[in-house]
Chemist: 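Just passing along the structure, written as structure tokens.
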Amino acid sequence: MKAQPKASHFIDGEYVEDTTGSVIESLYPATGEVIARLHAATPAIVEKAIAAAKRAQPEWAAMSPTARGRVLKRAAEIMRERNRELSELETLDTGKPIQETIVADPTSGADSFEFFGGVIAAGMNGQYIPLGGDFAYTKRVPLGVCVGIGAWNYPQQIACWKGAPALAAGNAMVFKPSENTPLGALKIAEILIEAGLPKGLYNVIQGDRTTGPLLVNHPDVAKVSLTGSVPTGRKVASAAAGQLKHVTMELGGKSPLIVFDDADIDSAIGGAMLGNFYSTGQVCSNGTRVFVQRKVKDQFLSRLKERTEKITIGEPMDEATQMGPLISFDQRQKVLSYIDKGKAEGATVLTGGGIPNDVTGEGYYIQPTVFADVTDEMTIAREEIFGPVMCVLDFDDEDEVIARANATEFGLSAGVFTADLSRGHRVVDQLEAGTLWINTYNLCPVEIPFGGSKQSGFGRENSLAALEHYSELKTVYVGMGKVEAPY
Ligand code: NAD
């Protein structure tokens with residue numbers, strides 16, 4: 001098998017197997033071929049991982065921030081040195097084209113280790129609070145054992161985006177990747193050990209929706225950070241609330257991308273295509289409701305159609321391929337059923353709308369699809385599809401489009417294209433979302449906070465803000481005089 005790891009889990013610095021766990025087959029989405037066979041964690045494996053994390057964490061937390069940071073920065077260097085190998089693994093794991101993974105996946109994971117390794121010494125200082133004669137001070141302290149649960153669209157990035165701030169802040173992590181993409185996180189765990197991370201601090205266990213709750217409900221777990229869908233988020237958040245655990249929820253979206261008639265249309269089309277077709281549309285922050293002001297609608301649609309039909313779909317390992325398959329057969333069925341609903345509810349298929357004829361084999365390929373004449377109440381305009389399906393909606397004026405853009409339970413992201421900078425700022429100010437862009441879309445460098453509002457979640461990844469979500473404040477009041485008691 002092409003990508004069989006040494007064992008299913010990585011615990012306490014080494015690969016661990018327990019063949020009594022149910023089998024997880026890792027399929028290459030471009031062919032459906034089994035590339036690795038792993039086992040889901042049994043309760044004993046879950047216990048082992050959490051016990052290792054619990055044991056290792058206090059000593060790590062006691063190290064100087066600079067010493068912790070040095071390990072993370074070394075991990076970033078190793079990831080960059082092995083970018084090709086890690087990108088190929090990510091392509092096998094996800095079916096995303098190597099053209100993408102080589103620039104966007106391990107590299108953004110490495111950025112995360114580099115950033116948090118660098119900022120940790122300066123980023124977690126407390127406050128001195130004078131109180132007349134007395135005073136107080138605060139310090140940020142780690143939470144303890146943190147659990148990370150990942151989705152399948154950016155497996156290595158998610159493993160790093162959760163691991164880097166957690167470790168930087170002095171925590172230990174047990175990470176469970178998606179059952180669809182079990183491979184990348186194991187490599188991250190290996191690299192961290194090679195970079196000098198003490199054993200037990202970053203553990204990876206495999207499993208599915210039945211394994212997740214074993215982690216979330218474990219009494220020794222202080223925090224859960226989930227990247228996944230809104231329904232899963234509701235389950236995980238309510239389980240965590242039962243034990244008052246900290247949570248970060250990075251969930252789904254149906255984000256608006258608004259194109260005003262004064263915008264640079266080619267840039268707006270480029271932004272809309274990147275924000276709908278990158279990673280075969282499997283990106284949570286995608287701007288899947290593209291509102292185009294009526295005056296430029298025809299121009300927008302004709303150039304969009306032309307550019308979309310030139311996208312090269314094919315074997316992901318081929319450097320020329322721009323779009324690979326979806327993650328799984330089931331995901332393709334789900335996306336196809338949304339496309340059917342769009343047709344049935346009266347939207348116009350501008351291009352795409354099915355399975356491409358020119359790719360052969362068992363891969364889960366689908367055409368990049370654009371629907372025009374979409375209206376707000378259509379299912380394809382309301383629900384997250386998580387595939388390369390762009391919905392184009394028309395609008396006339398600013399107040400109308402803001403109200404329509406906000407008329408959703410989601411609030412992950414939003415974007416505006418306009419040449420009028422005051423309008424750009426005025427509009428984003430009124431859009432209900434956690435991460436917004438003006439005249440670009442979907443850029444998420446590690447320096448900026450990323451996360452959602454409304455049903456798209458809470459907490460933030462990346463930036464200094466993430467450190468706050470992996471630590472808590474401790475306040476110390478220092479009495480400098482005698483204690484005066486009335487009794
Ligand atoms: P999913 O919700 O099906 O699964 C996510 C993870 O949760 C998987 O590892 C799964 O095994 C685990 N899980 C499922 N049920 C669980 C439970 N009850 N308890 C604990 N863990 C459980 O999501 P998916 O299909 O893997 O990913 C696609 C979704 O993720 C989309 O909705 C997408 O928008 C979202 N996503 C969000 C972000 C973000 O940062 N906001 C990023 C990527 C993906």
Side-chain angles (χ1 to χ4, degrees), residues 22 24 38 40-41 46 93-94 96 104-105 108 112 147-162 174-182 184-185 204-218 221 224-242 245 247-255 275-276 278-288 326-328 330-332 334-335 338 383-387 408-413 433-435 442 444 448-462 466 469:
S22 59
I24 295 178
L38 299 94
V46 171
D93 220 3
T94 60
K96 298 199 289 182
D105 293 84
S108 78
S112 176
V147 158
I149 300 178
W152 38 256
N153 57 344
Y154 280 83
Q156 289 183 29
Q157 182 189 82
I158 294 170
C160 297
W161 280 19
K162 297 191 189 308
V174 178
F175 184 79
K176 188 199 84 61
S178 162
E179 56 276 33
N180 286 313
T181 50
V204 174
I205 66 162
Q206 307 297 340
D208 58 15
R209 61 192 58 244
T210 60
T211 319
L214 300 178
L215 292 168
V216 177
N217 292 322
H218 198 289
V221 169
V224 182
S225 175
L226 168 79
T227 297
S229 61
V230 173
T232 303
R234 290 202 180 101
K235 283 184 209 146
V236 172
S238 58
K245 290 180 179 171
V247 284
T248 293
M249 291 284 143
E250 292 291 355
L251 310 177
K254 190 76 196 177
S255 301
N276 276 274
Y278 207 70
S279 298
T280 320
Q282 302 161 114
V283 180
C284 52
S285 50
N286 272 353
T288 46
L326 288 164
I327 188 72
S328 63
D330 287 352
Q331 185 64 14
R332 184 168 70 176
K334 182 181 156 199
V335 176
Y338 274 113
E383 297 183 13
E384 184 184 48
I385 299 175
F386 224 56
T408 168
E409 61 169 357
F410 298 107
L412 189 55
S413 313
T435 310
N442 257 358
C444 295
I448 68 170
F450 177 76
S453 65
K454 294 160 82 175
Q455 295 295 296
S456 294
F458 36 81
R460 290 293 177 265
E461 297 203 297
N462 290 342
H469 296 290

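For ligands, and for the atoms within them, numbers begin at 1 and follow the listed sequence. Just so it is clear, the model here is predicted, and its values are computed rather than measured. The figures that follow rest on heavy atoms only: side chains count, while hydrogens, waters and symmetry mates do not.
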Chemist: Measuring from atom NZ of Lys176 to atom CG of Leu215, what distance do you get when rounded to the nearest 0.5 angstrom?
Modeler: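 Nearest 0.5 Å value for the NZ-CG distance: 8.0 Å.
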Chemist: Please list, in number order, the atoms of ligand 1 under 4.0 Å from a heavy atom of Cys284.
Modeler: 33 (C), 34 (O), 36 (N), 37 (C), 38 (C), 39 (C), 40 (O), 41 (N), 42 (C), 43 (C), 44 (C)
Chemist: So how far is it from Arg460 CZ to Thr248 OG1, rounded to the nearest 0.5 Å?
Modeler: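 So the gap between those two atoms works out to 9.5 Å.
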Chemist: Looking only at side chains, do Lys254 and Thr408 share a donor and an acceptor under 3.5 Å apart?
Modeler: no
Chemist: With rounding to the nearest 0.5 Å, note down the distance linking CD1 in Ile158 to CG in Leu226.
Modeler: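 That separation rounds to 9.0 Å.
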Chemist: Of all the non-hydrogen atoms in the protein, which one sits nearest to atom 5 (C) of ligand 1, and at what distance?
Modeler: Thr227 O, 3.6 Å
Chemist: For ligand 1, which atoms, with element, lie under 4.0 Å from some heavy atom of Leu412?
Modeler: 41 (N)
Chemist: Name the closest protein heavy atom to atom 11 (O) of ligand 1, giving the residue it belongs to and the distance to 0.1 Å.
Modeler: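 So the nearest neighbour among protein heavy atoms is Glu179 OE1, 2.8 Å.
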Chemist: Which of the numbered atoms in ligand 1 are below 4.0 angstrom from a heavy atom of Ser178?
Modeler: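 It comes down to these atoms of ligand 1: 9 (O).
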Chemist: Evaluate the criterion side chain to side chain donor-acceptor pair (under 3.5 Å) for residue pair Asn442 and Ser285; output intermediate values, then yes/no.
Modeler: CA-CA 7 Å; Asn442 257 358; Ser285 50; 2.7 Å; yes
Chemist: If you round to the nearest 0.5 Å, how far is CH2 of Trp152 from CZ of Phe386?
Modeler: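 That separation rounds to 4.5 Å.
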Chemist: What residue and heavy atom of the protein are closest to atom 35 (C) of ligand 1, and at what distance?
Modeler: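 Of the protein heavy atoms, Gly228 O, 3.1 Å lies nearest.
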Chemist: Kindly say whether Gly411 contributes a backbone atom to a donor-acceptor pair with the side chain of Ser456 at under 3.5 angstrom?
Modeler: yes
Chemist: Using heavy-atom distances only, which candidate in Leu214, Val283, Thr232 approaches atom 13 (N) of ligand 1 most closely?
Modeler: Thr232
Chemist: Do the side chains of Gln455 and Leu251 get nearer than 4.5 Å, heavy atoms only?
Modeler: no
Chemist: Counting C-beta onward and ignoring hydrogens, is there a side-chain heavy-atom pair between Leu326 and Val335 closer than 4.5 Å?
Modeler: yes
Chemist: Test your reading of the model: is there a side-chain donor-acceptor pair from Thr280 to the backbone of Gln282, 3.5 Å cut-off?
Modeler: no
Chemist: Evaluate the side-chain proximity of Asn462 to Trp161: yes if any heavy-atom separation is below 4.5 Å, no if none is.
Modeler: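 Yes, at least one pair of side-chain atoms sits under 4.5 Å.
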Chemist: Please identify which atoms of ligand 1 are closer than 4.0 Å to at least one heavy atom of Ser229.
Modeler: 1 (P), 2 (O), 23 (O), 29 (C), 30 (O), 32 (O)
Chemist: For atom 40 (O) of ligand 1, what's the nearest protein heavy-atom neighbour? Residue, atom name and distance, please.
Modeler: Glu250 CB, 3.2 Å
Chemist: Which ligand 1 atoms are under 4.0 Å away from a heavy-atom of Ala151?
Modeler: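 Within the 4.0 Å cut-off of Ala151, ligand 1 contributes 26 (O), 27 (O), 30 (O), 44 (C).
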Chemist: Starting from atom 8 (C) of ligand 1, what is the nearest protein heavy atom, named by residue and atom, and what distance separates them?
Modeler: Gly150 O, 3.2 Å
Chemist: Would you mind listing which atoms of ligand 1 come within a distance below 4.0 Å of any non-hydrogen atom of Ile149?
Modeler: 6 (C), 7 (O), 9 (O), 12 (C), 20 (C), 21 (N)
Chemist: What residue and heavy atom of the protein are closest to atom 41 (N) of ligand 1, and at what distance?
Modeler: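 In this structure, atom 41 (N) of ligand 1 has Leu251 O, 2.8 Å as its nearest protein heavy atom.
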Chemist: Take every heavy atom of Pro213, measure it against each atom of ligand 1, and state whether any distance is under 4.0 Å.
Modeler: yes
Chemist: Does Gly457 come within less than 4.0 Å of ligand 1, judged by its heavy atoms?
Modeler: no
Chemist: Please confirm whether the backbone N or O of Val216 pairs with a side-chain atom of Lys245, one donor and one acceptor, at under 3.5 Å?
Modeler: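 Judged by distance alone, yes, a pair lies under 3.5 Å.
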Chemist: Closer than 4.0 angstrom: is that true for some heavy atom of Phe450 and an atom of ligand 1?
Modeler: yes
Chemist: Give the residue, atom name and distance (to 0.1 Å) of the protein heavy atom nearest atom 28 (C) of ligand 1.
Modeler: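 For atom 28 (C) of ligand 1, the nearest protein heavy atom is Phe386 CE2, 3.5 Å.
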Chemist: Below 3.5 angstrom, do we get any N/O pair linking Lys176 and ligand 1?
Modeler: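 Among all N and O atoms of Lys176, at least one is under 3.5 Å from an N or O of ligand 1.
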Chemist: Can you tell me which residue among Pro449, Ser112, Ser225 is in a side-chain contact (heavy atoms from CB on, under 4.5 Å) with Glu461?
Modeler: Ser225
Chemist: If we only consider heavy atoms of Leu226, is any one of them less than 4.0 Å away from an atom in ligand 1?
Modeler: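 The answer is yes, since Leu226 has a heavy atom less than 4.0 Å from ligand 1.
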Chemist: With a 3.5 Å distance limit and no angle check, can you tell me whether Gln157 reaches the backbone of Asp105 through a side-chain donor-acceptor pair?
Modeler: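 Absent.
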Chemist: If you have a sec, work out which protein heavy atom is nearest atom 24 (P) of ligand 1 and how many Å separate them, to one decimal?
Modeler: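 Heavy-atom neighbour on the protein nearest atom 24 (P) of ligand 1: Trp152 NE1, 3.4 Å.
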Chemist: Can you tell which part of Glu384 has a heavy atom less than 4.0 Å from ligand 1: side chain, backbone, both or neither?
Modeler: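 For Glu384, only side-chain atoms sit under 4.0 Å from ligand 1.
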Chemist: Taking only heavy atoms of Asn153 into account, list the atoms of ligand 1 that are under 4.0 Å away from them.
Modeler: 43 (C), 44 (C)
Chemist: Report, in ascending order of atom number, the atoms of ligand 1 lying under 4.0 Å from any heavy atom of Gly252.
Modeler: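 Per the distance check, 32 (O), 34 (O).
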